[in-house]
Amino acid sequence: MTTTCSAPGKIYLFGEHAVVYGKRAIASAINLRTTATVSESDQTTISSILGTTGIDYMVHPYISRCIESLAVPAVSIRIDSEIPVGSGLGSSAAAVIATLGALNAEFRLMMDSATLAEVGHRIERDVQGAASPTDTAVSTMGGTMLIQPGVASSRLRLIECDIVIGDTEEFSSTKELVGNVRILHEDYPGVMDSIFDIIDNLSEIGVPLIKGRDYRSVGELMNIDHGLLDAIGVGSAKLSRLVCAARDAGAYGAKITGAGGGGCIVALVRGSSADGGGADAVASAINDAGGRAIITKASEDGVVVRETF
Ligand code: MEV
């Protein structure tokens with residue numbers, strides 16, 4: 001039997017970094033997905049854009065950890081992804097959840113989706129050193145979600161407006177950025193806790209605004225969050241350039257998404273329209289500012305399995 005399983009990447013509307021300190025975050029699955037194709041084999045192989053290996057913690061740390069933590073027999077796994085790697089769009093979580101979902105179905109392990117998300121979170125934490133449950137929860141469940149560490153995540157109304165991502169195409173290490181923020185937090189706990197409390201408040205205020213589809217106000221709060229992310233040292237000149245370009249082109253709001261340092265920005269925009277300011281205009285402005293724009297939408301689809309005999 002061969003099992004194919006796909007899982008989505010995600011954007012953060014609010015709460016990256018603060019969520020590592022137990023604060024609330026709002027994130028949404030998007031229409032960019034990673035697919036894992038699994039079949040039983042004589043020996044274990046993992047193939048991806050990075051090459052073909054066996055269990056290999058240098059080249060394929062996440063997939064190697066998935067195979068070993070489920071203790072499954074020899075298996076061949078192929079990973080194909082539409083999500084840029086190391087860009088803050090949850091590429092590693094999508095690969096982990098797609099792989100776990102495929103192994104779960106192939107070997108009839110009977111894990112439900114909550115267990116899948118939990119095992120995926122543990123794997124991300126083991127490989128990265130620190131990880132909130134956001135990426136693995138959103139990749140498993142899909143949709144727009146309110147994440148509260150230590151409390152069950154809840155599903156919100158799906159973001160319905162267009163989303164434009166701006167990729168700086170500069171690699172960023174989540175582990176390194178989380179480490180830098182930790183040092184700032186150790187040096188200035190009062191200041192950093194106050195900033196995290198404000199970000200937590202943005203998520204709280206964001207919930208009814210998303211329910212009411214008030215994307216103009218959601219965008220304003222995203223702009224505030226971007227300023228706070230800059231304040232905790234995870235901005236860069238290029239991220240700011242792309243954020244300003246998106247806002248000037250008429251986005252409701254734009255901010256860093258994910259760990260920052262490089263990686264991506266996310267802009268909420270109204271649908272393309274004759275009076276400008278739509279997804280196409282924002283995408284061109286991002287491209288002109290030196291980024292790579294991706295127009296996408298939020299997605300209700302989490303992990304999806306297909307078996308072929
Ligand atoms: C990385 O995409 C987001 C961070 O908040 C880390 C995490 O939540 O695991 C920086």
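Both counts, for ligands and for their atoms, begin at 1 and track the order of listing. None of these values were measured; they are calculated from a predicted model.
Under a 4.0 Å N-O distance rule, the pair R292/D167 qualifies as a salt bridge. Of the charged side-chain nitrogens involved, at least one lies within less than 4.0 Å of a carboxylate oxygen, so that R78 and D80 count as a salt-bridged pair. For the pair E300 and R155, the salt-bridge criterion is met [side-chain N within less than 4.0 Å of a carboxylate O].
Using a 4.0 Å cut-off to heavy atoms of V19, the atoms of ligand 1 that qualify are 5 (O), 8 (O). Atoms of ligand 1 found under 4.0 Å from any heavy atom of H17 (numbered from 1 in listed order, with element): 4 (C), 5 (O), 10 (C). The contact set between ligand 1 and A131, taken as ligand atoms under 4.0 Å from a residue heavy atom, comprises 9 (O). Set against the non-hydrogen atoms of A259, the atoms of ligand 1 under 4.0 Å away are 1 (C), 2 (O), 10 (C). Within ligand 1, counting atoms from 1 as listed, the ones closer than 4.0 Å to a heavy atom of Y12 are 2 (O), 3 (C), 5 (O), 8 (O).
No side-chain heavy atom of I265 sits under 4.5 Å from any side-chain heavy atom of K255.
Considering backbone and side-chain N/O of T134, none are found under 3.5 Å from N/O of ligand 1.
In V20, the part holding a heavy atom less than 4.0 Å from any atom of ligand 1 is the side chain.
Counting only non-hydrogen atoms, the option in S132, G258, C264, A25 that gets closest to atom 2 (O) of ligand 1 is G258.
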Set out, in order, the CA-CA distance, both residues' side-chain angles and the distance that settles side chain to side chain contact (heavy atoms under 4.5 Å, CB included) for I123 and L100, then state yes or no.
CA-CA 10 Å; I123 289 170; L100 291 176; 4.0 Å; yes
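In this structure, F196 and Y21 have parallel ring planes: the angle between them is below the 30° cut-off, well short of the 60° mark.
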